[in-house]
2 protein chains.
Amino acid sequence: MSGYDIKSLFKGLSWLIDSPSYGSLYPTLHSLLDDGLATVNVEPNNSKPPRKLYEITEAGRRELRTWLQELSSTQFSIKAFVRHLILADSLSNDELKTRLTHRRTQIVDYLSTPTPLEESDGNPPQELGQRLVHDYSTAIAEAELRWLDAKLSALTQTAGEGQDHGLYSSS
Amino acid sequence: MSGYDIKSLFKGLSWLIDSPSYGSLYPTLHSLLDDGLATVNVEPNNSKPPRKLYEITEAGRRELRTWLQELSSTQFSIKAFVRHLILADSLSNDELKTRLTHRRTQIVDYLSTPTPLEESDGNPPQELGQRLVHDYSTAIAEAELRWLDAKLSALTQTAGEGQDHGLYSSS
DNA sequence: CAGAGCATGTAACACGTTACATGATTAG
DNA sequence: CTAATCATGTAACGTGTTACATGCTCTG
């Protein structure tokens, strides 16, 4: 993909996670080249600035794998999970299944932790906000749980299909 | 609340949105005092550092309102919406309803935009990640829509109840 | 008796955004 | 004809994190 393509992808997801600015995106791409983690293929684009199509190298893929491993073992955020999904192409069927299962565990844990419930006394000084957010957070978590279950069952039924991980077969 | 309390609140929400570090939280609280947007009430805490309980001033509440207005009219992100919910105490019944309705509109718009569907040709070079994320994003958006509808109907049924906005009456 | 939680705060550093620079093409 | 989209890039600036400093208390 080109820097522009990457930016577009994130822009479409910006309601869920932050989208990087070109000011950080382009320099990052340049440093990937310097480190040999990616290669470019410059494609002329009639009098417009040429499209620079980046591709990950083997070394890059190795780095990516360890980075994703780190991510999933230390971060629970939606941001981290979405990053994982975006990069699902780099994972094998089994790896993806492992990650989704791990995520499922985290969500279940989150949903089962009994709300801290702060403020002893007669409790409501002013905490409508807290309750609303907690409520919202729970609703989102439950939705994610259902989504994970659906994907996991699709992934398990068609065990070793390779290509599309059995997720989007027969439209 | 104290700086510590605020941090705890965000920590509990860190799976949804970023939690600020103390390194930015405390200085921010200090600058609110300088600007007269908040006041402190220092509460001794037997030999532990005293708890500094901050409270918003009238001027602060005015600033907050315009800030929230700005937020909701320019940002569509979950981050912005969660901020709004946390601060729901500062909004009147009608204001809250307006914001939720506005959010609902945004979600509906998002769900109705026909997926860009990039890559003309025979389309699938490698875009499992894109599809997965889109799928996930849609599932979350639909869950939020249902949540909004539930809250909005609760809010409308008990029109002008004041106190708890009619949201959490008779448990 | 060690580690987690309570509780506040500062300074160096890294990071990312904003604003700028450039310019053709296509859609309304 | 104007605005949006395509397409890349740099430098100054602002903001936020990381690491450090301090010290009591409760839990396992």
Side-chain angles (χ1 to χ4, degrees), chain A residues 1-14 17-35 38-55 67 70-71 74-77 79-80 83 109 113-120, chain B residues 1-14 17-35 38-55 67 70-71 74-77 79-80 83 109 113-120:
Chain A
M1 297 173 86
S2 68
Y4 191 84
D5 292 336
I6 295 173
K7 174 68 176 165
S8 302
L9 173 61
F10 276 99
K11 211 184 280 173
L13 257 25
S14 64
I17 61 170
D18 286 331
S19 174
S21 63
Y22 285 120
S24 70
L25 184 50
Y26 285 124
T28 299
L29 251 16
H30 298 332
S31 75
L32 286 179
L33 290 179
D34 290 344
D35 298 346
T39 54
V40 218
N41 199 349
V42 184
E43 196 178 66
N45 196 6
N46 39 235
S47 74
K48 267 181 290 197
R51 280 169 60 75
K52 299 192 171 179
L53 299 173
Y54 291 83
E55 203 157 344
W67 183 73
E70 272 281 307
L71 248 199
T74 62
Q75 307 267 70
F76 169 48
S77 63
K79 183 161 91 184
R83 263 120 122 107
D109 284 353
T113 47
T115 323
L117 216 325
E118 47 205 280
E119 309 302 322
S120 45
Chain B
M1 295 172 87
S2 67
Y4 191 85
D5 292 336
I6 295 173
K7 174 67 176 164
S8 302
L9 173 61
F10 276 99
K11 210 183 283 174
L13 257 25
S14 64
I17 60 171
D18 286 332
S19 175
S21 64
Y22 285 120
S24 70
L25 184 49
Y26 285 124
T28 299
L29 250 14
H30 298 332
S31 75
L32 287 179
L33 289 180
D34 290 344
D35 298 345
T39 54
V40 217
N41 198 348
V42 184
E43 196 179 66
N45 196 5
N46 39 235
S47 73
K48 267 180 287 194
R51 279 169 61 75
K52 297 193 172 180
L53 299 173
Y54 290 84
E55 203 156 343
W67 183 72
E70 273 281 309
L71 248 198
T74 61
Q75 308 266 70
F76 168 49
S77 64
K79 183 160 92 183
R83 263 119 121 107
D109 284 355
T113 47
T115 322
L117 217 322
E118 47 205 280
E119 310 300 324
S120 46

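Source: prediction; values computed, not measured. Below, chain A is the first sequence line, B the second, and so on; all start at residue 1.
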Checklist entry - If you measure from NZ on Lys52(B) to OG1 on Thr39(B), what distance do you get to the nearest 0.5 Å? => result 13.0 Å

Checklist outcome for this item: Checking dT10(C), dT8(D), dA7(C) against the side chain of His30(B) (C-beta onward), the nearest is dT10(C)

Checklist outcome for this item: Correct closest heavy-atom pair for Pro50(B) and Val42(B) would be CB-CG1, 3.7 Å

Item to check | Integer-rounded Å distance: dT18(D) C1' and Tyr26(B) OH | outcome: 16 Å

Item to check | Residue Tyr54(A), side-chain atoms from C-beta onward, closest of dA7(D), dG9(D), dT17(D) | outcome: dG9(D)

Item to check | Degree of bending, the helix from dC1(C)-dG28(D) to dG28(C)-dC1(D) (end axes from five pairs; round to 10°) | outcome: 60°

Checklist outcome for this item: Separation of dG5(C) atom P from Lys11(B) atom NZ, nearest Å, is 7 Å

Checklist entry - Are Asp18(A) and Lys79(B) within salt-bridge range, i.e. N to O under 4.0 Å? => result yes

Next on the checklist: Measure CG/Asn46(A) against P/dC6(D) and give the value in whole Å, please.
Outcome noted: 15 Å

Next on the checklist: Need to verify one output field. Residue with the more 5' nearest nucleotide on DNA chain C, Ser24(A) or Pro27(B)?
Outcome noted: Pro27(B)

Checklist entry - Any idea which of dT8(C), dG23(C), dG9(D) is nearest the Tyr22(B) side chain? => result dT8(C)

Checklist entry - Side chain of Lys52(A): nearest nucleotide among dG16(D), dA7(D), dG9(D)? => result dG9(D)

Checklist entry - Between Asp18(A) (CG) and dG16(D) (C1'), how many Å, whole number? => result 13 Å

Next on the checklist: Tyr22(A) vs Lys7(A), test: side-chain contact (heavy atoms from CB on, under 4.5 Å). Steps then yes/no.
Outcome noted: CA-CA 7 Å; Tyr22(A) 285 120; Lys7(A) 174 68 176 165; 3.4 Å; yes

Item to check | Between dA21(D) (C1') and Lys48(B) (NZ): distance, integer Å | outcome: 19 Å

Next on the checklist: Using side-chain heavy atoms (C-beta onward) and a distance below 4.5 Å, is Leu32(B) in contact with Tyr54(B)?
Outcome noted: no

Checklist entry - If you look at every strand shown and take non-hydrogen atoms under 4.0 Å, does Ser8(B) touch a base, only sugar-phosphate, or nothing? => result nothing

Checklist outcome for this item: Scanning both residues in full, the closest heavy-atom pair of Ser19(A) with Ser14(A) reads CB-CB, 4.2 Å

Checklist entry - Heavy atoms under 4.0 Å, any strand shown: does Thr28(B) hit a base, just sugar-phosphate, or nothing? => result nothing

Checklist entry - What is the distance, rounded to the nearest whole Å, between atom CD1 of Ile6(A) and atom P of dG16(C)? => result 14 Å

Checklist entry - Once you round it to whole Å, what is the distance between P of dG9(D) and NZ of Lys7(A)? => result 15 Å

Item to check | Any donor-acceptor N/O pair, Asp5(B) side chain to Ser2(B) backbone, under 3.5 Å | outcome: yes

Checklist outcome for this item: Against the side chain of Ser21(B), the closest entry in dG23(C), dT17(D), dT8(C) is dT17(D)

Checklist outcome for this item: Among dA7(D), dG9(C), dT8(C), the one nearest any side-chain atom of Ser2(B) is dT8(C)

Checklist entry - Closer to the 5' end of DNA chain C via nearest nucleotide, is it Leu25(A) or Pro49(A)? => result Leu25(A)

Checklist entry - Nearest-Å distance, CZ (Phe10(A)) to C1' (dT17(C))? => result 16 Å

Checklist entry - To the nearest 0.5 Å, what is the distance between CG (Leu29(A)) and OG (Ser24(A))? => result 10.0 Å

